[in-house]
*Asks:* 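Here it is, the structure, as structure tokens.
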Amino acid sequence: MIKAEKLSYGFPQTDLYDKISFTLEDNRHCALIGSNGSGKTTLVRLICHPEEFIYEGSLTHDGTGRIGYVSQYAARDKNQSLTVRDYLMTDFLELEAQADALCAQMGDTDDLDAVLEQYQQVLDRQSAMDADNCGENIRRQLQLAELEDKADLQLHLLSGGEYKLVQIIRQMLRRPGLLVMDEPDVFLDFENLNGLRDLINGYKGTMLVVTHSRYLLSHCFDKLWHLENRDLQEFDGSFRDYQFALLSRKVEQQSAAAEQQEWIDKTAALVERLRDDATEVIDPRRGRALKGKVSYLRHLQAWQIKTPFVDIRRPEIRLPDTVETPEDAVLLQVENYNLSFEKQLLENVSFELHAGEKIAIVGPNGTGKTSLLRDVKAAENPAIHYGEAAVTGFFSQLQEEALDEDHSILEEFYQAGQESESETAEYLSRWCFEPEGLYRRISQLSGGEKNLLQLAKLALGEKNLLLLDEPSSHLDTFAQMELEQAIKDYKGAVLMVSHDFYTVANCMDSVLYVENGTLRPMSIRAFRKMIYKQHFSKDYLELELKQKALETKIAGCLEKGENQEAATLLEQLESVIAAMG
């Protein structure tokens, strides 16, 4: 078990945690969520390597032993010639070689006890990893991840998503006391995301996962840590139950606040009446009554319930203003586009993008989506033509391409055209960047913060065609929803590559689906049906739509102060969530 009590830690410019406490019991699967920049990655690093940090409070590991770690970045050697099976066997073969070497030493050593102790440690490690059944365990894990047909494929031929799953499998086969994964879902296509879901749900050990994936949060994990505003909230249960609990508390608290406000108003009216009486009749008793009621009123106001329950940082994402564009204008035309590397990826691809139209390019990892978008940005391929009215902006999934890591935030925006520190501070405050943090280096920011900065830069100026390559990657769930709304509200055209099913389904007009080396046009309705038919139960789509509609209605009621109606809708939402399982 891992246990923290009153843990505090921060950097010179900011405090990250203020006396937070949490536990992670054996064999629990815990998701760590929170706003971008709240310190999630730092917290898991602190848990893994507490000796590298100077912190206040206590952090204890009770029987954790080895800690396995999967980074959000899947770097690999392109020249590595191992097959997937051989790569996954590496740790077992190394232990076997160590055991053989120690056996050879036993007949020719002056310190047999020391060699026997080392040998026993290797045997214990082999036993912990179930080395006797390693072949069957590898086969089972590959099958779980839907990669059994890749076992004899060389590593460098795997897509990025497939390679990430193989990395995760290798860590699981090592059977650490705690497995930590930092955004393992980044850039995974939907098929690979399903494989990751099954690997997580099939894992028998203790797990801590930093993730913003609404799909994984809805289908994995039995415990949540929510890190927000230097505090950590712990919840035993699923993410869906947690969301419902937060909404329930918000409805309850707003109702209580409304009742309390009504009482405050009545008390204030009584105070005014007593004041009027006191001016007409001089009576010590009335003066004392007035003084008592004024004191009571101040007490009520001081302890007035504040809403909402959880103050979650939400960036105000706004995409750029659009230049005036004819409604029927063709902003982009792609005709007979071809793409090949070691093999033909895309062939004879043709499509048009009109003013105000929003199209997503969707498909498995490694099928050429990002390469196509980058070719569209470069506009050097003869198959790609921009309309005369097109004014473009580009969001890159390669953060170092869009932001200078050596710049401070302030320097980056001076270069982007901002003229003063105050102007930059006011602008970026809407994107959840505090004025005192403007001198932080880009290299010190989290992945989500870097993407928010890139979106903030993109929003400057006027554009009518946005090219977005994985814009929701690394963003927290709340920022993802804000981005979806911003894309829906944007008056210009959007061509987006995304692996995030929710982002595509919630804000795009149509899809170009990569299939058999070309792009098949598909309506959003057809895309949703296809995804749900392949990966969800028959009624799940309808239930999820009901859930979202009810949550939207409840939020609207709370804004209007219609607390009784919100409570009624909350009961309906509870039954929908129960039906989703």
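Residue numbers start at 1 and run along the sequence shown. Just so you know, these numbers use all the heavy atoms, side chains as well, and skip hydrogens, waters and symmetry mates.
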*Asks:* Quick one about Ser473 and Gln397 (side-chain donor to acceptor, distance below 3.5 Å, no hydrogens or angles considered), yes or no?
*Replies:* no

*Asks:* Just checking Glu380: does its CD atom have more than 12 heavy atoms from other residues, nucleotides or ligands closer to it than 6.0 angstrom?
*Replies:* no

*Asks:* Show the numbers, then the answer: is there a side chain to side chain contact (heavy atoms under 4.5 Å, CB included) between Trp225 and Glu234?
*Replies:* CA-CA 5 Å; Trp225 291 348; Glu234 197 168 10; 3.6 Å; yes

*Asks:* Ring centres under 6.0 Å, that's the criterion: do Phe221 and Phe235 meet it?
*Replies:* no

*Asks:* Any donor-acceptor pair under 3.5 Å linking the side chain of Lys40 with the backbone of Gly34?
*Replies:* yes

*Asks:* Could you grab the distance from atom CG of Leu216 to atom CG of Leu188, nearest 0.5 Å is fine?
*Replies:* 8.0 Å

*Asks:* Does any part of the side chain of Tyr203, heavy atoms only, come nearer than 4.5 Å to the side chain of Gln171, both counted from C-beta?
*Replies:* no

*Asks:* Please check if the side chain of Ser238 supplies one atom and the backbone of Asp241 the other of a donor-acceptor pair under 3.5 Å.
*Replies:* yes

*Asks:* Report the distance from atom CD1 of Ile169 to atom CZ of Arg140, rounding to the nearest 0.5 Å.
*Replies:* 12.5 Å

*Asks:* I want to check something: taking the side chain as every heavy atom from C-beta on, are Arg170 and Thr90 in contact at a cut-off of under 4.5 Å?
*Replies:* yes

*Asks:* Take Leu453 and Lys457 through the test side chain to side chain contact (heavy atoms under 4.5 Å, CB included) and record every step on the way to the result.
*Replies:* CA-CA 6 Å; Leu453 272 189; Lys457 282 183 64 178; 5.8 Å; no

*Asks:* Between Gln480 and His212, what is the shortest heavy-atom contact and its length?
*Replies:* NE2-O, 3.2 Å

*Asks:* Hydrogens and angles aside, do Asp124 and Gln120 bring a side-chain donor and acceptor to less than 3.5 Å of each other?
*Replies:* yes

*Asks:* Please examine the side chains of Ile33 and Phe239, heavy atoms only from C-beta on, and report whether any two atoms are closer than 4.5 Å.
*Replies:* yes

*Asks:* State, with a plain yes or no, whether a side-chain heavy atom of His226 is found less than 4.5 Å away from one of Tyr242.
*Replies:* yes

*Asks:* Can any side-chain N or O of His29 pair as donor or acceptor with the backbone N or O of Gly205 at less than 3.5 Å?
*Replies:* yes

*Asks:* Do Gln399 and Asn451 make a side-chain contact, defined as non-hydrogen atoms from C-beta onward lying under 4.5 Å apart?
*Replies:* yes

*Asks:* Could you report the tightest heavy-atom contact between Asp476 and Asn36, atom names first, then the distance?
*Replies:* OD2-N, 2.8 Å

*Asks:* Could you walk me through whether Glu183 and Lys164 satisfy the salt bridge (Lys or Arg N to Asp or Glu O under 4.0 Å) test, starting with their C-alpha distance in whole Å, then the side-chain angles of each, then the deciding distance to 0.1 Å, before giving a yes or no?
*Replies:* CA-CA 11 Å; Glu183 296 193 46; Lys164 173 65 77 66; over 6 Å; no

*Asks:* Main chain of His499, side chain of Asp189: is a donor-acceptor contact present, judged purely on distance under 3.5 Å?
*Replies:* no

*Asks:* Between Lys3 and Asp62 (salt bridge meaning N to carboxylate O under 4.0 Å), is one present in this structure?
*Replies:* no

*Asks:* Is it true that Arg374 and Asp469 make a salt bridge, defined as a side-chain N closer than 4.0 Å to a carboxylate O?
*Replies:* no

*Asks:* Going from CG on Leu445 to CZ on Arg441, what distance comes out if it is rounded to the nearest 0.5 angstrom?
*Replies:* 11.0 Å

*Asks:* Would you say the side-chain atoms of Gln344 pair up with the backbone N or O of Leu346, donor to acceptor, closer than 3.5 Å?
*Replies:* yes

*Asks:* Report the C-alpha distance between Ile442 and Asp404 in whole Å, list the side-chain angles of each, state the deciding distance to 0.1 Å, and finish with yes or no for side chain to side chain contact (heavy atoms under 4.5 Å, CB included).
*Replies:* CA-CA 7 Å; Ile442 302 293; Asp404 189 328; 5.8 Å; no

*Asks:* Between Gln143 and Glu148, what is the shortest heavy-atom contact and its length?
*Replies:* CA-OE1, 3.4 Å

*Asks:* Do Ile200 and Met181 have side chains that approach each other closer than 4.5 Å (heavy atoms only, starting at C-beta)?
*Replies:* yes

*Asks:* Please round to the nearest 0.5 Å and tell me the distance separating atom CG of Leu452 and atom CG of Leu475.
*Replies:* 5.5 Å

*Asks:* Show your working on side chain to side chain contact (heavy atoms under 4.5 Å, CB included) between Val511 and Ile359 and close with a plain yes or no.
*Replies:* CA-CA 5 Å; Val511 164; Ile359 298 178; over 6 Å; no

*Asks:* Can you see which heavy atom on Arg197 is nearest to which on Asn194, and at what distance?
*Replies:* NH1-OD1, 3.1 Å

*Asks:* So how far is it from Leu7 CG to Ile20 CD1, rounded to the nearest 0.5 Å?
*Replies:* 5.0 Å

*Asks:* How are the rings of Tyr163 and Tyr87 set to each other: parallel, tilted or perpendicular (split at 30° and 60°)?
*Replies:* tilted

*Asks:* For Ser498 and Thr503, which heavy atoms make the closest approach, and how far apart are they?
*Replies:* OG-CB, 4.4 Å

*Asks:* Has Gln167 got a side-chain atom pairing as donor or acceptor with Val70's backbone, closer than 3.5 angstrom?
*Replies:* no

*Asks:* Between Lys450 and Glu400, is there a side-chain N and carboxylate O pair less than 4.0 Å apart?
*Replies:* no

*Asks:* Do Glu484 and Arg214 sit within salt-bridge range, that is, some charged N less than 4.0 Å from a carboxylate O?
*Replies:* yes

*Asks:* Checking salt bridge (Lys or Arg N to Asp or Glu O under 4.0 Å) for the pair Arg440/Glu449: CA distance, chi angles, key distance, verdict?
*Replies:* CA-CA 12 Å; Arg440 292 170 66 196; Glu449 287 176 308; 3.5 Å; yes

*Asks:* Do you know the tightest heavy-atom contact between Ser8 and Tyr55?
*Replies:* O-CB, 3.4 Å

*Asks:* Tell me whether Thr367 contacts the main-chain N or O of Pro364 through its side chain, where contact means a donor paired with an acceptor under 3.5 Å.
*Replies:* yes

*Asks:* With no hydrogens and no angle check, do the side chains of Asn381 and Tyr337 hold a donor and an acceptor under 3.5 Å apart?
*Replies:* no

*Asks:* Determine yes or no for a side-chain-to-main-chain donor-acceptor pair under 3.5 angstrom, with Asp222 supplying the side chain and Gly237 the backbone.
*Replies:* no

*Asks:* With the side chain counted from C-beta on, respond yes when Leu178 and Leu24 share a heavy-atom pair under 4.5 Å apart, and no when they do not.
*Replies:* yes

*Asks:* Could you grab the distance from atom CG of Leu116 to atom CD of Gln105, nearest 0.5 Å is fine?
*Replies:* 10.5 Å

*Asks:* Within the side chain of Arg528, is there an N or O that forms a donor-acceptor pair under 3.5 Å with the backbone of Ser523?
*Replies:* no

*Asks:* What I'd like to find out is whether the side chain of Met496 reaches to under 4.5 Å of the side chain of Phe395, using heavy atoms alone.
*Replies:* no

*Asks:* For salt bridge (Lys or Arg N to Asp or Glu O under 4.0 Å), just list the numbers for Asp236 and Arg28, CA-CA rounded to whole Å, side-chain angles, deciding distance to a tenth of an Å, and then say yes or no.
*Replies:* CA-CA 10 Å; Asp236 286 311; Arg28 299 295 295 272; 3.0 Å; yes

*Asks:* So that I can tick it off, tell me whether Asp152 and Arg85 are bridged by a salt bridge, with the cut-off set at under 4.0 angstrom between side-chain N and carboxylate O.
*Replies:* yes

*Asks:* Considering residues, nucleotides and ligands other than Asn336, do more than 12 of their heavy atoms fall under 6.0 Å from its CG?
*Replies:* yes

*Asks:* What about Phe53 and Tyr9, are their ring centers closer than 6.0 Å?
*Replies:* yes

